[in-house]
Structures are given as structure tokens and as C-alpha cells.
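Encoded as C-alpha cells, the structure appears first; notes follow it.
Proteins come first, then strands; the chains are lettered A, B, ... in the order of their sequence lines, and each starts at number 1.
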2 protein chains.
Amino acid sequence: MDFAQADAVNQAIRLLALRHRARITALLAPLGLHPGQEALLLELARTGPMIQAKLSGALAVEPPSVTLMTRKLEAAGHVRRVPAPGDRRASVVELTEGGAALVERVKELWCGLAEETLAGVPDATAAELPALLRTLAGNVDARRGREG
Amino acid sequence: MDFAQADAVNQAIRLLALRHRARITALLAPLGLHPGQEALLLELARTGPMIQAKLSGALAVEPPSVTLMTRKLEAAGHVRRVPAPGDRRASVVELTEGGAALVERVKELWCGLAEETLAGVPDATAAELPALLRTLAGNVDARRGREG
DNA sequence: CGCATAACGTTATCCGCATAACCAACTCTA
DNA sequence: TAGAGTTGGTTATGCGGATAACGTTATGCG
């Protein structure tokens, strides 16, 4: 593959990443949330309370990031940490009532953002987009056995 | 649009962004570069020396980020800042010889990364991918006049 | 059982990127 | 030409996310 094509792909991914995150930042600001935190809250809403290690895996983020984010979300009252039954090392993270309410507002923003993002994209393309992006993400997953 | 679809789209974008950046981090580490810096170097290689403000626009990044990144790249000897002719506020950023040589190595990684990213994706889809991603990026561009 | 190893979580430190606030210099216009 | 407003750049600060190093608790094996 020549450089021009490779550059087009890599640059486009970077640009989308930056802009999407920037838009999330703007949308979340009125709720007092920072980008990344919504992912944590939504994951808890999807799957229910879970250990930080599992959260780390679900968010594709390293454990120290989870530690700090949960601390801040806990300080904001959106999340609660309770000792894990049967494992004194672990703590279970769960949504508070306020957190659950906040998630509902995040979900609305989430839908608006997706619609906005897909504006002008044919329905067929839009339908295949998540799978396509997940394929790309899987291809560059650093945890897959490869040389890098 | 219902939440499940919106979530699939937003989550996929976030995951691709994280993994792609993580892979870039791993690939760039042997060169002593951090993700984001390669974009600056490549932009200088593409377009030639330019003012920081223009760099900020080209990278879709805010001016303070450019200030810090150029300082670090300058300290590493990859980049040089020279006073802009005709504007005593501005400084022109340009590649040093070492920086230009480094860019060649980055370009190789760049091609490898794109191939890796597109593994298993049909050629027709891959060919349209940059334009598609750029459309999505344009749709969520916070600088476009919108309510947010 | 006891010891080595693995797993959970935390702290410290670094970078990218953002906003807010500010100074210096350029430009436009009254 | 003088002042207003704009633009280029920097500093300060905060967050997400990463790695490295560490203490604590489970677990697996001899």
C-alpha cells in the first residue's frame, strides 16, 4: 500500500476520533461529565454492577484509568463502590439512583449524537458501519498476539 | 433512532479510536515519539514549514496543544522554530534534517498500520473508507454552526 | 500446608488535548 | 493616526489514558 492511501486512512481515523470526542465533550459538559465517563456509566447500565477489573476490560481501558474515573464519579455521587463478596481485594462498582437517572439523559444525547454523526450516510452503509468499525478495531487490537 | 443502534455506532467509534491510538503508541515508542506527534511531523512533511496557528488548524487541535508539542519536538531535535518574516508574533515551525529522516521511518509504520487496520476489509469498502470517515468527522465538527 | 505465582487495585508520573485567561502584535476603521 | 478589535502564542490547570512499581489478597501446586 502506498503512503498516500495509508495516510488517508490513518488521518481519517484520527480526525474522526478527535471530532467525535470533542462533540461528546460539548454534549456532556451540561451534565457535568467528561468524555470517557459516559462510557463507564453506560456500561454499568448495560451490564449491571461489576468489579473494576471487569470494567477495565469492558471499556478497553487500563485499570489505573478505571480507578481514577470511578473515584471522580463516586465523588460526584453517580456511582458507588461496595466491597466484593468473596474477594477482599476487589470492589464492585454500581450506579447510584442519581447515576441511573443521569444515564437516561446520557442515552438521549447518545441517540442525538449518532443521528448527527450519520447524517447524509446511506441507510445501508450506516447499518454496516458498527460492524465495519469493530473489524478495524479488532485488526489493530494490541492485545492480539502479533509482533508489536 | 433507538438507543441500541446509536450505542453501537458511538461505541464502535470510541473503540476504534482507542485501539488505533494504542497501536500508534506501540509503533511509535521505538522512535521515541508519542501519539499525536507523528501527526505534526507528517503535516510538516506534507505541507512544508508553517506558522503554529496554521498547524493548529491542520491538526484540528487547539493552539496550546501545538505549543507544548512543538516545544517537546524541538527539545528532541526533530523540529525547529524560527521567527516568522513580517509577523513578530508568529513563529514558523519546520522539520530539522533529523526530523525529516524520522518522518521517513514514520511513513513506513504508517503504511504498515493502514494495511493492518484494513485486513479482511473488501477493497471496494477500503477505498471508500477515508471519504466515509471524513463525512462522519465533518458531521460532528463542533466548529460547524450548530446549536451545541 | 506452605510457598510461588497470579490477579485486583492503587499511587506516581508522563503525554495529548481541552478551556480560561493573558500579553503582544497586527489590522481595520473612524 | 489613534483606538478597537482581532489574531498568534503562551501559561495554568484539569481530565482521560498509558506505563511502572507497589502492596494486598487469592489461588494453584508441590
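For B/R21 and C/dC15, the shortest distance from a side-chain N or O to OP1 or OP2 is not below 4.0 Å. Side-chain nitrogen and oxygen atoms of B/R14 include none within less than 4.0 Å of the OP1 or OP2 phosphate oxygen of D/dG16. For A/T67, no side-chain nitrogen or oxygen approaches OP1 or OP2 of C/dG9 to under 4.0 Å.
One finds a salt bridge joining B/E43 and B/R46 here, because a Lys/Arg side-chain nitrogen approaches an Asp/Glu carboxylate oxygen to under 4.0 Å. By the 4.0 Å N-to-carboxylate-O rule, A/E94 lies too far from A/R81 to be salt-bridged with it.
Comparing atom distances between the A/R89 side chain and each of D/dT25, D/dT11, D/dG16 picks out D/dT25 as nearest. When each of D/dG16, C/dG9, D/dG9 is scored by its nearest atom to the side-chain atoms of B/S91, the top-ranked nucleotide is D/dG9. The side chain of A/A53 lies closest to C/dC8 when the candidates are C/dC8, D/dG8, D/dA18.
Using N1 to N3 plus N6-O4 or O6-N4 for Watson-Crick, or N1-O2 and O6-N3 for G-U wobble, each under 3.5 Å, C/dA18 pairs with D/dT13.
Each of A/P64 and B/G36 lies near DNA chain C, and the nucleotide nearest A/P64 is the one positioned closer to the 5' end. Projected onto DNA chain C by closest heavy-atom contact, A/V66 and B/S65 fall at different nucleotides, the more 5' of which corresponds to A/V66.
B/R88 contributes no side-chain N or O that forms a donor-acceptor pair with the base of C/dA25 under 3.5 Å.
We find that NE2 of B/H78 is positioned 14 Å from P of C/dC15, with the value rounded to whole Å. Rounded to whole Å, the distance from CD1 on B/I51 to P on C/dA25 is 15 Å.
Remark: A/L42 CG to B/F3 CZ distance equals 5.0 Å, nearest 0.5 Å.
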